> 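Pasting in a structure now, in structure tokens, and then I'll have a few things to ask.
Just so you know, these numbers come straight off a predicted model, no measurement behind them.
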Amino acid sequence: MVQPVVRVPEAKVALSTASVYPESTAAAFEIAARLGYDGVEVMVWTDPVSQDIDALRRLSDYHGIPILAVHAPCLLITQRVWTTDPWTKLQRARTAAERLGASTVVVHPPFRWQRQYARDFVTGIHRMADETDVRFAVENMYPWRYRDREMLAYAPDWDVTNDDYRHFTIDLSHAATARTDALRMLDRMGDSLGHVHLADGKGSAKDEHLVPGRGAQPCAEVLERLAASGYDGHIVVEVNTRRAMSGAEREADLAEALAFARLHLAAPAEIPGR
């Protein structure tokens with residue numbers, strides 16, 4: 001009996017610096033190197049090191065860990081990071097990505113109260129994408145829920161597949177919170193999928209970012225489908241380890257997430273003559 005050949009995928013598995021919180025950005029580089037990740041995605045947030053291109057380059061060089069993506073500071077807690085102007089934030093994220101050798105800038109759709117920014121967002125992202133080789137990969141979000149109430153906090157839409165973007169980021173924890181079918185969203189993104197945030201969720205109103213395999217999302221199926229399709233973007237582990245009781249427990253969670261990704265990205269290759 002001929003055994004199937006396992007094809008090593010081109011997709012790299014990176015660690016989001018957000019995955020080590022409340023530890024620092026610097027700690028994320030050290031952990032990524034120790035565990036064998038292929039690189040990091042820098043979440044630009046309140047940690048001053050995450051905002052400093054020269055400091056990030058030194059960390060990358062010291063640990064031998066490339067920076068594969070930059071997550072623009074578009075969270076509620078980062079509204080004043082770099083600047084309060086959302087377009088300037090994206091310009092600075094692009095500059096950081098270019099100088100650090102990262103291929104992707106991850107960006108969320110605007111909050112609904114950012115009216116002018118939201119009105120121009122789709123055309124503005126296209127315009128910025130035309131000015132660089134860096135991918136602007138717009139990330140799916142979710143409705144905000146409280147008890148039986150639902151608030152649409154993002155514009156033009158939390159479901160980014162309803163708008164015309166050149167590249168998408170699919171976040172599987174966000175898909176769980178939105179209670180949407182991640183595999184169908186993946187289909188809608190098609191060849192425009194440029195980036196993946198790997199995490200799990202159980203469909204609660206809270207964005208959980210569980211270690212893959214601990215929730216109800218089809219994390220394994222997504223990875224296997226990407227491997228079979230020859231996806232060559234990045235897979236970024238973006239999980240919540242805030243409840244870890246120790247650094248060792250946090251690293252165990254991040255090692256488990258990396259092993260999960262490697263296992264399900266190892267797709268059987270076609271056997272010649274069959």
> For the pair F121 and W87, evaluate side chain to side chain contact (heavy atoms under 4.5 Å, CB included) and give the outcome as yes or no after the intermediate values.
CA-CA 9 Å; F121 185 69; W87 289 116; 4.2 Å; yes
> Got a sec: does the OH of Y21 have more than 12 other heavy atoms crowding it under 6.0 Å?
no
> Can you tell me if K89 uses its side chain to pair, donor with acceptor, with the backbone of V81 under 3.5 Å?
yes
> Under the side chain to side chain contact (heavy atoms under 4.5 Å, CB included) criterion, do V160 and Y154 qualify, and how do the steps go?
CA-CA 10 Å; V160 293; Y154 300 96; over 6 Å; no
> Is any side-chain heavy atom of R166 closer than 4.5 Å to one of S192?
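The answer is no, as the side chains (C-beta and beyond) never meet within the 4.5 Å cut-off.
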> Indicate the atoms forming the closest heavy-atom contact of T169 with M189, along with that distance.
O-CE, 3.7 Å
> Once rounded to the nearest 0.5 Å, what's the spacing between atom CG of L75 and atom CZ of F111?
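Here the rounded value is 7.0 Å.
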> H174: what forms a ring pair (Phe, Tyr, Trp, His ring centres under 6.0 Å) with it, not counting sequence neighbours?
Y142, H209
> Give every donor-acceptor pair under 3.5 Å between a side-chain atom in residues 55-70 and any protein atom, sequence neighbours left out.
{"unit_1": "R57", "atom_1": "NH1", "unit_2": "D54", "atom_2": "OD1", "d": "3.3"}
{"unit_1": "R57", "atom_1": "NH2", "unit_2": "R99", "atom_2": "O", "d": "3.2"}
{"unit_1": "S60", "atom_1": "OG", "unit_2": "I65", "atom_2": "O", "d": "2.6"}

> Check whether the side chains of T88 and D85 place a donor and an acceptor atom closer than 3.5 Å, and report yes or no.
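Yes - a donor-acceptor pair under 3.5 Å links their side chains.
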> Between L90 and V138, is there shared hydrophobic-cluster membership here, with clusters defined by ILVMFWY side-chain heavy atoms closer than 4.5 Å?
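Per the 4.5 Å side-chain linkage, L90 and V138 are co-clustered.
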> Between Q51 and W45 (side chain of the first, backbone of the second, donor and acceptor by atom type, cut-off under 3.5 Å), is there such a pair?
yes
> Between E256 and R214, is any pair of side-chain heavy atoms under 4.5 Å apart?
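They are in contact (side-chain heavy atoms under 4.5 Å apart), so the answer is yes.
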> For the pair W158 and T180, evaluate side chain to side chain contact (heavy atoms under 4.5 Å, CB included) and give the outcome as yes or no after the intermediate values.
CA-CA 11 Å; W158 64 263; T180 192; 4.2 Å; yes
> Report the residue from H108, E238, E41 that forms a side-chain hydrogen bond (donor to acceptor under 3.5 Å, both in side chains) with H71.
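Single pass found, and it is H108.
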> I'd like to know if the side chain of R179 and the backbone of G203 have a donor-acceptor N/O pair within less than 3.5 Å.
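Such a contact is found between R179 side chain and G203 backbone.
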> Side chain of R145, backbone of E150: donor and acceptor closer than 3.5 Å?
no
> Verify the cluster assignment for V107 and I77: are they in a single hydrophobic cluster under the rule of side-chain heavy atoms below 4.5 Å apart?
no
> When rounded to the nearest 0.5 angstrom, what is the spacing between CG in D157 and CG in N162?
4.5 Å
> Show the nearest heavy-atom pair for residues S50 and V42, with the distance to one decimal.
O-CG1, 3.9 Å
> With a 4.5 Å heavy-atom cut-off, do I53 and L100 have their side chains touching?
yes
> Hey, are the side chains of L186 and L226 touching, using non-hydrogen atoms and a 4.5 Å cut-off?
yes
> Under the salt bridge (Lys or Arg N to Asp or Glu O under 4.0 Å) rule, what do K202 and E208 come out as? Steps first, then yes or no, please.
CA-CA 8 Å; K202 297 179 180 178; E208 297 166 292; 5.8 Å; no
> Is it true that a side-chain atom of T241 and a backbone atom of A244 form a donor plus acceptor pair closer than 3.5 Å?
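No, because the side chain of T241 does not come within donor-acceptor range (under 3.5 Å) of the backbone of A244.
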> Does any non-hydrogen side-chain atom of S24 lie less than 4.5 Å from one of V49?
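No, their side chains stay 4.5 Å or more apart.
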> Between T17 (side chain) and M43 (backbone), is there a donor-acceptor pair under 3.5 Å?
yes
> So do the side chains of F260 and V211 get within less than 4.5 Å of each other, counting heavy atoms only?
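Side-chain contact under 4.5 Å: no.
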> Within the 4.5 Å heavy-atom criterion, are P110 and P156 side-chain neighbours or not?
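Heavy-atom side-chain distance check passes, below 4.5 Å.
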> For P212, does its backbone N or O pair with a side-chain atom of D200 as donor and acceptor, under 3.5 Å?
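No.
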> Would you name the heavy atoms of R250 and V20 that are closest together and state the gap between them?
NE-O, 3.4 Å
> Within a 6.0 Å radius of atom CZ on R242, are there more than 12 heavy atoms belonging to other residues, nucleotides or ligands?
no
> Quick one: pull up CZ in R94 and OG1 in T132 and give me the separation to the nearest 0.5 Å.
6.0 Å
> Tell me whether F136 is reachable from V106 by hopping between hydrophobic residues (I, L, V, M, F, W, Y) whose side-chain heavy atoms are closer than 4.5 Å.
no
> Give, for atom NE2 of H195 and atom OG of S103, the distance between the pair rounded to the nearest 0.5 Å.
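Those atoms lie 7.5 Å apart.
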> Using salt bridge (Lys or Arg N to Asp or Glu O under 4.0 Å), reason through R127 and D120 one step at a time and then give a plain yes or no.
CA-CA 10 Å; R127 183 178 63 252; D120 300 334; over 6 Å; no
> Can you name the closest pair of heavy atoms from V134 and A102 and give their distance?
CG2-O, 3.9 Å
> For A93 and V105, which heavy atoms make the closest approach, and how far apart are they?
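A93 and V105 have their closest heavy atoms at O-CG2, 3.7 Å.
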> Are L172 and Y231 linked, directly or through intermediate hydrophobic residues, by side-chain heavy-atom contacts shorter than 4.5 Å (ILVMFWY only)?
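Shared cluster, yes.
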> CZ of R184 to CZ of R188: how many Å apart, nearest 0.5 Å?
8.5 Å
> Tell me if the CZ atom of R112 is crowded by more than 12 foreign heavy atoms within 6.0 Å.
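Count over threshold, so yes.
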> Where the side chain of T84 meets the backbone of R80, is there a donor-acceptor pair that is under 3.5 Å apart?
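No; judged by distance alone, with no hydrogens or angles, the pair does not exist.
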> Are R225 and D187 close enough, and set up right, to give a salt bridge (Lys or Arg N to Asp or Glu O under 4.0 Å), and what steps lead you there?
CA-CA 10 Å; R225 184 179 294 189; D187 288 338; 2.7 Å; yes
> Mark yes or no for whether S19, through its side chain, and V237, through its backbone, hold a donor-acceptor pair below 3.5 Å.
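The answer is yes, because a donor-acceptor pair under 3.5 Å joins these two groups.
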> If you look at every heavy atom in A137 and T104, which pair is closest and at what distance?
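So the minimum-distance heavy-atom pair works out to CB-CG2, 3.9 Å.
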> Distance-only, no hydrogens or angles: does the T78 side chain make a donor-acceptor pair with backbone N or O of P73 under 3.5 Å?
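Yes: the side chain of T78 pairs with the backbone of P73.
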> Are L183 and I235 linked, directly or through other ILVMFWY residues, by side chains that come within less than 4.5 angstrom of each other?
yes
> Measure the shortest side-chain to side-chain distance between Y37 and L258 over non-hydrogen atoms and say whether it is less than 4.5 angstrom.
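Contact flag for Y37/L258 side chains = yes.
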> Run the side chain to side chain contact (heavy atoms under 4.5 Å, CB included) check on N140 and T161 step by step: do they pass?
CA-CA 8 Å; N140 63 297; T161 64; over 6 Å; no
> To the nearest 0.5 Å, what is the distance between CG on D130 and CD1 on I125?
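Between atom CG of D130 and atom CD1 of I125 there are 11.5 Å.
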